[in-house]
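For the single chain, residues carry numbers from 1 onward in sequence order.
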Amino acid sequence: MVLERINEPNDIKEVDKEEYDILAEEIREFLIDKISVNGGHLASNLGVVELTMALHIAFELPQDKIVWDVGHQSYTHKILTGRKDEFNKLRKYGGMSGFPKRRESDCDCFDTGHSSTSISAGLGIKNGNILRGDESHVISIIGDGALTGGMAYEALNNAAGLEKNFIIVLNDNNMSISKNVGGMSKYLTTVRAGSAYIDLKNEVVEKLSSIPKIGDKLVTKIRRTKSSIKQLVIPGMLFEDMGITYLGPVDGHDVEGMVKIFNEAKHIDHAVIVHVLTRKGKGYRPAEKYPDKFHGVAPFDKETGKILEKPEKPTYTEVFSKAFVKLADKDNDVVAISAAMPDGTGLRYFADKYPERFFDVGIAEEHAATFAAGLASTGLKPYVAIYSSFLQRAYDQILHDVCIQDLPVTFMIDRAGLVGGDGETHQGIFDLSYLSNIPNMNIFAPKNKYELADVVKFSADFSHPLAIRYPRGEAYDGLKEYREPIEYGKSEIIYKEKDIALIAAGSMVGTAVEVRNRLKKEGYSVTLVNARFVKPIDEECLENLSYTHYLYVTMEENVLNGGFGETVLRYVSSIENNVKVINIAIPNLYVEHGNIDILKKESGVDTESIVEKILNFSNVADYGKGIKD
């Protein structure tokens, strides 16, 4: 096997050209074998096998720097830099990350996880190198979907003024996670479809190259000239007009062809874009046919492509999807906005049924928030469905454009809390903190699937900014008998006793039930409160409980700083009482990838850890007799 000879960075340079196709096939087989067992990002990685090989052949690592946008397509890069033996623990706790990590290898020059960042990061690295007198190459890879993000345009504008070589590889597979939308997608479609230009260019290049001695030099000179023939054939030439040389399109599955064009790109003394056409999921029929379903995939049967363990219960995303369509059936003012993820956020059902009321703005979370504010200002009821981790990007727009004007925009925050294998860049553990600080923002965390459906219905008549936060995976269906009508700013007392009050938000209510059961076995009297509203907190409930309770235990799947627990603690300290408060929350750290149950235990938010903290609390030990039944 050719792959067996790849054990260190740059080993690929020793592979014969005749073996490139064999190596590509072996890498694909390796990826399918490993991801079918561990899960991970499959389609995107299968699509860039040859592109990654060409980059590693044309450039010297780790001296040259490769920045992967998003980074979920870096698996082949990891294989070629000596990490193939670590794939058995891919995305597992303590194992290899599914994204580039500087701490893993010198060949990973920048940690990535979010979209539209690679040009900015690469440009920063390039300018840093220039200041240090380092002439090594910097290559930023960005997908066509990521070019819908405003940050990418800001970086391109900045890169246009650079007077040193800087290479941007546009990996164009006509998809991000879902099918691309917008003007950039249409523009690139025009370029892809420009077969007349491609055929003419290839014919000219072939004839010029055949001229003895001077042919290759003529081709190179023509390619470097901005007034080249392509401008006569392709209208607009967006990148060239910005001052960035454009090379391509080139077949992203032709290793030798890409190596040649990368070698040409090295000699251009300013920013250059190499436009590479790839096929997402290439080499594995199920992923080619359904690239969105094999973007991030759970363990599957590699023979059939079927997921091995499908959730038996509906997910929170599915519960939202059905409840939202029911709401839209009755209210024509309801509209929905997605940032390139209608499937992942559950909006596909709505989009298919009400396409005129659905807006996919592409990978542009900032724009999504302000766009929603504009819709709300006309009297509509916009719902923005975005993963917690990605909503961070729209912080200014939420504050400035939505909340200052107190507009009725509802943010459906999916994947809130710990998400598992995607790790630090995707854990949704900061939203309660960054949203709680914003005046006029209101935050609701449903305890189970029934309450999620109820709050979606409640939101339709709520005339202020509202964030509804729910976790990834199966929806909790316990406590279904406790379904009091939602009242603004009011919590729900599920079990009312005395002494210890567990005050839990959202996903932690189910854990609180388990904690209460454990404490009851120890003989303690325990009240359980479903907070419901994280902002505003139910101050009246907290005050009333203080007359009969000695200890409050707040529980949230969010970092401690600025979260729900600190808000409760601040209020309790402002009133005259003897109540002590324990805050159960994620430590103020970035949580790595791994199984969610392991991450909860490591973070101290699992049942065992919480019970131990309560029982070890000094006042409980000292006054145990006084607070037991």
With a 6.0 Å cut-off (strictly less than), is the heavy-atom count around [atom1] of [X], excluding the residue itself, greater than 12?
{"X": "Arg102", "atom1": "CZ", "answer": "no"}
{"X": "Lys457", "atom1": "NZ", "answer": "no"}
{"X": "Lys490", "atom1": "NZ", "answer": "yes"}
{"X": "Tyr349", "atom1": "OH", "answer": "no"}
{"X": "Lys613", "atom1": "NZ", "answer": "yes"}

Residues [X] and [Y]: side-chain donor-acceptor under 3.5 angstrom:
{"X": "Ser546", "Y": "Asn577", "answer": "no"}
{"X": "Arg415", "Y": "Thr317", "answer": "yes"}
{"X": "His114", "Y": "Thr425", "answer": "no"}
{"X": "Asn448", "Y": "Asp477", "answer": "no"}
{"X": "Thr527", "Y": "Glu497", "answer": "no"}
{"X": "Ser44", "Y": "Gln73", "answer": "no"}
{"X": "Asp414", "Y": "Thr345", "answer": "no"}

>> For a side chain to side chain donor-acceptor pair (under 3.5 Å) check, start with the C-alpha distance between Asp606 and Ser609, then their side-chain angles and the critical distance, and finish with the verdict.
In response: CA-CA 6 Å; Asp606 65 306; Ser609 299; 2.4 Å; yes
> When you look at Asn583 and Glu556, which way does the side chain to side chain donor-acceptor pair (under 3.5 Å) test go after all the steps?
Replying inline: CA-CA 8 Å; Asn583 291 146; Glu556 63 190 303; 5.7 Å; no
In the structure I gave you, are the side-chain heavy atoms of [X] and [Y] within less than 4.5 Å of one another anywhere?
{"X": "Val319", "Y": "Thr315", "result": "no"}
{"X": "Leu466", "Y": "Val409", "result": "no"}
{"X": "Ile493", "Y": "Lys496", "result": "yes"}
{"X": "Tyr93", "Y": "Glu602", "result": "yes"}

Donor-acceptor contact below 3.5 Å, side chain [X] vs main chain [Y]:
{"X": "His400", "Y": "Asp396", "result": "no"}
{"X": "Asn437", "Y": "Ser433", "result": "yes"}
{"X": "Glu474", "Y": "Glu312", "result": "yes"}
{"X": "Arg516", "Y": "Val526", "result": "yes"}
{"X": "Ser377", "Y": "Gly374", "result": "yes"}
{"X": "Tyr316", "Y": "Leu452", "result": "no"}
{"X": "Gln392", "Y": "Asp431", "result": "no"}
{"X": "Tyr354", "Y": "Val335", "result": "no"}
{"X": "Ser491", "Y": "Arg532", "result": "no"}

How long is the span from the [atom1] atom in [X] to the [atom2] atom in [Y], to the nearest 0.5 Å?
{"X": "Ile584", "Y": "Ser603", "atom1": "CD1", "atom2": "OG", "result": "11.5 Å"}
{"X": "Ser321", "Y": "Lys326", "atom1": "OG", "atom2": "NZ", "result": "11.0 Å"}
{"X": "Asp422", "Y": "His41", "atom1": "CG", "atom2": "NE2", "result": "5.0 Å"}
{"X": "His72", "Y": "Thr112", "atom1": "NE2", "atom2": "OG1", "result": "9.5 Å"}
{"X": "Ser507", "Y": "Leu418", "atom1": "OG", "atom2": "CG", "result": "8.5 Å"}
{"X": "Lys535", "Y": "Asn440", "atom1": "NZ", "atom2": "CG", "result": "7.5 Å"}

> Where do His464 and Asp406 land on the side chain to side chain donor-acceptor pair (under 3.5 Å) test, with the steps shown first?
Replying inline: CA-CA 6 Å; His464 307 279; Asp406 198 22; 2.8 Å; yes
> Is there any ring pair (Phe, Tyr, Trp, His ring centres under 6.0 Å) pair reaching into residues 486-509, and which pairs are they, with sequence neighbours excluded?
Replying inline: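 Found Phe462-Tyr488, Tyr482-Tyr495, Tyr488-Phe533.
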> Hey, do the aromatic rings of Tyr434 and Phe430 have their centres closer than 6.0 Å?
Replying inline: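 Between Phe430 and Tyr434, which both carry aromatic rings, the centre distance is not below 6.0 Å.
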>> Would you say the ring centers of His426 and Phe390 fall short of 6.0 Å from each other?
In response: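 Here the rings of Phe390 and His426 have centres that are less than 6.0 Å from each other.
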Could you check whether [X] pairs with [Y] (Lys NZ or Arg NE/NH1/NH2 to Asp/Glu carboxylate O, under 4.0 Å)?
{"X": "Arg518", "Y": "Glu608", "answer": "yes"}
{"X": "Lys101", "Y": "Glu424", "answer": "yes"}
{"X": "Lys447", "Y": "Glu492", "answer": "yes"}

>> Determine whether Arg103 and Ser97 satisfy the following criterion, side chain to side chain donor-acceptor pair (under 3.5 Å), listing intermediate values before the conclusion.
In response: CA-CA 10 Å; Arg103 67 173 182 263; Ser97 171; over 6 Å; no
> Are Phe458 and Asp454 close enough, and set up right, to give a side-chain contact (heavy atoms from CB on, under 4.5 Å), and what steps lead you there?
Replying inline: CA-CA 6 Å; Phe458 167 87; Asp454 290 344; over 6 Å; no
